[in-house]
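Some notes on the structure that comes next.
Counting begins at 1 with the first residue of the sequence. Computed from a prediction, not measured in an experiment: that's the story for all the values here.
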Amino acid sequence: MSKITFFFATMNAGKSLTLLTAYHNYKHKGVTPVLVKPELDTRTNDITSRIGLHKNPDFVISAWNDKTSPADIDAIINATVMNKYDYRRKPIELDEVQFFDKSFIHELCDKARKHSIDVLAFGLLKDFKNHLFSASAVWLEEADSYREIKTVCEKCGHKASCNALQGRDGYMARDVFESKSTLHTGDSEYHVYCSKHWHELYDESKALYKNMVEAE
């Protein structure tokens, strides 16, 4: 029987580190998980943690479109076979799962259940606008269990639940309030807060930009 687990967190909470730790633990037991990452994660070719641990993925999945075939999922499922003498299946570990297409997630989970394959999905729950990622909503629907990887708010030390994208002035990027992109989004510009301090920063930033527009 398969189990689908969604591990979610804010930025900088150690999602990839937790994935790689699970990978190491499986390897220690004689099972090598199948590693999968989305092509949209362009920061590095590997699955990499911030403390330097890294591992090459077995599959890099492109956006689900006319160029993508269900054969990609079939290849992942086929890679979980231990050997012809072992009935067990290797688990599938996926990184940055908020970037996968919804159709890919549904089909992968469906086939994993049919073949009794465990799936461990690691990703962000919400974006820097504090909106739920559409792919993460699908993981919540598909998962049998959820595990939050916790980190603390940079303001108060309570549990962080929100990601913020800030410019050098400390205020939120205008992308939160405007449709056009105005700031390059790199990891160094992300910060994590509890809901209280995220909304305080939101209100301060919105008021600042409103005054700037009125002054123009």
Could you go step by step and tell me if His158 and Val152 meet the side chain to side chain contact (heavy atoms under 4.5 Å, CB included) rule?
-> CA-CA 5 Å; His158 289 105; Val152 298; over 6 Å; no
Is the side chain of [X] donor-acceptor paired with the backbone N or O of [Y] at a distance under 3.5 Å, no angle test?
X      : Y      : result
Lys126 : Thr10  : no
Trp198 : Asn163 : yes
Thr80  : Ile77  : yes
Gln98  : Leu124 : yes
Thr151 : Ala13  : no
His24  : Leu20  : no
Asp86  : Met82  : no
Ser136 : Leu132 : no
Tyr209 : Met172 : yes
Asp110 : His106 : no

Heavy-atom count around Lys206 NZ within 6.0 Å, excluding the residue itself: above 12?
->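 At most 12 heavy atoms, drawn from other residues, nucleotides or ligands, come within 6.0 Å of this atom.
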For atom CZ of Phe133, decide whether the heavy atoms of other residues, nucleotides or ligands shown that lie under 6.0 angstrom number more than 12.
->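 Correct, the count exceeds 12.
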Is there a side-chain contact between [X] and [Y] in this structure, where contact means two heavy atoms from C-beta onward sitting under 4.5 Å apart?
X      : Y      : result
Leu94  : Trp139 : yes
Gln166 : Leu201 : yes
Leu19  : Ile47  : yes

So, for [X] and [Y], which heavy atoms are closest and what is the spacing to 0.1 Å?
X      : Y      : result
Ala164 : Phe128 : C-CB, 4.3 Å
Lys3   : Asp118 : N-OD1, 2.8 Å
Ile117 : Pro91  : CG2-CA, 4.4 Å
Ala75  : Phe59  : O-CZ, 3.5 Å
Phe100 : Lys37  : CZ-C, 3.6 Å
Lys15  : Ile149 : CA-CD1, 3.9 Å

Would you please say whether a donor-acceptor pair under 3.5 Å links the side chains of Thr5 and Ser145?
->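 Thr5 vs Ser145: donor-acceptor pair found between side chains.
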Side-chain donor-acceptor contact under 3.5 Å, Asp95 with Ser16 =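 The criterion, which ignores hydrogens and geometry beyond distance, is satisfied for Ser16 and Asp95.
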Aromatic contact, Tyr146 with Phe6 (centres under 6.0 Å) =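 Centroid separation for Tyr146 and Phe6: 6.0 Å or greater.
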List the steps, then state whether side chain to side chain contact (heavy atoms under 4.5 Å, CB included) holds for Val119 with Glu93.
-> CA-CA 6 Å; Val119 175; Glu93 291 191 282; over 6 Å; no
Salt-bridge contact Lys159-Glu148 (side-chain N to carboxylate O under 4.0 Å) =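 Judged by the 4.0 Å cut-off on N to carboxylate O distance, Lys159 and Glu148 do form a salt bridge.
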Nearest 0.5 Å, what's the [atom1]-[atom2] distance between [X] and [Y]?
X      : Y      : atom1 : atom2 : answer
Cys153 : Tyr193 : SG    : OH    : 7.5 Å
Asn130 : Ser195 : CG    : OG    : 6.5 Å
Lys27  : Lys55  : NZ    : NZ    : 5.5 Å
Arg89  : Ser116 : CZ    : OG    : 8.5 Å
Cys109 : Glu141 : SG    : CD    : 10.5 Å
Phe104 : Ser62  : CZ    : OG    : 9.5 Å

Check against side chain to side chain contact (heavy atoms under 4.5 Å, CB included), Cys156 and Cys194 = CA-CA 8 Å; Cys156 65; Cys194 64; 3.8 Å; yes
So if you build clusters from Ile, Leu, Val, Met, Phe, Trp, Tyr with side-chain heavy-atom gaps below 4.5 Å, do Val60 and Ile76 land together?
->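 Not linked; separate clusters.
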ILVMFWY cluster, Leu53 and Leu120 together (side-chain gap under 4.5 Å) |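 Yes, one cluster joins them.
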What residue among Leu35, Ile4, Val36 forms side-chain contact (heavy atoms from CB on, under 4.5 Å) with Ile92?
->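 For Ile92, the side-chain contact (heavy atoms from CB on, under 4.5 Å) check succeeds only for Val36.
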Taking it one step at a time, do Tyr23 and Thr32 satisfy side chain to side chain contact (heavy atoms under 4.5 Å, CB included)?
-> CA-CA 7 Å; Tyr23 180 90; Thr32 303; 3.4 Å; yes
Aromatic rings Phe7 and Phe122: how do their planes relate, parallel, tilted or perpendicular, breaks at 30° and 60°?
->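 Phe7 and Phe122: parallel rings.
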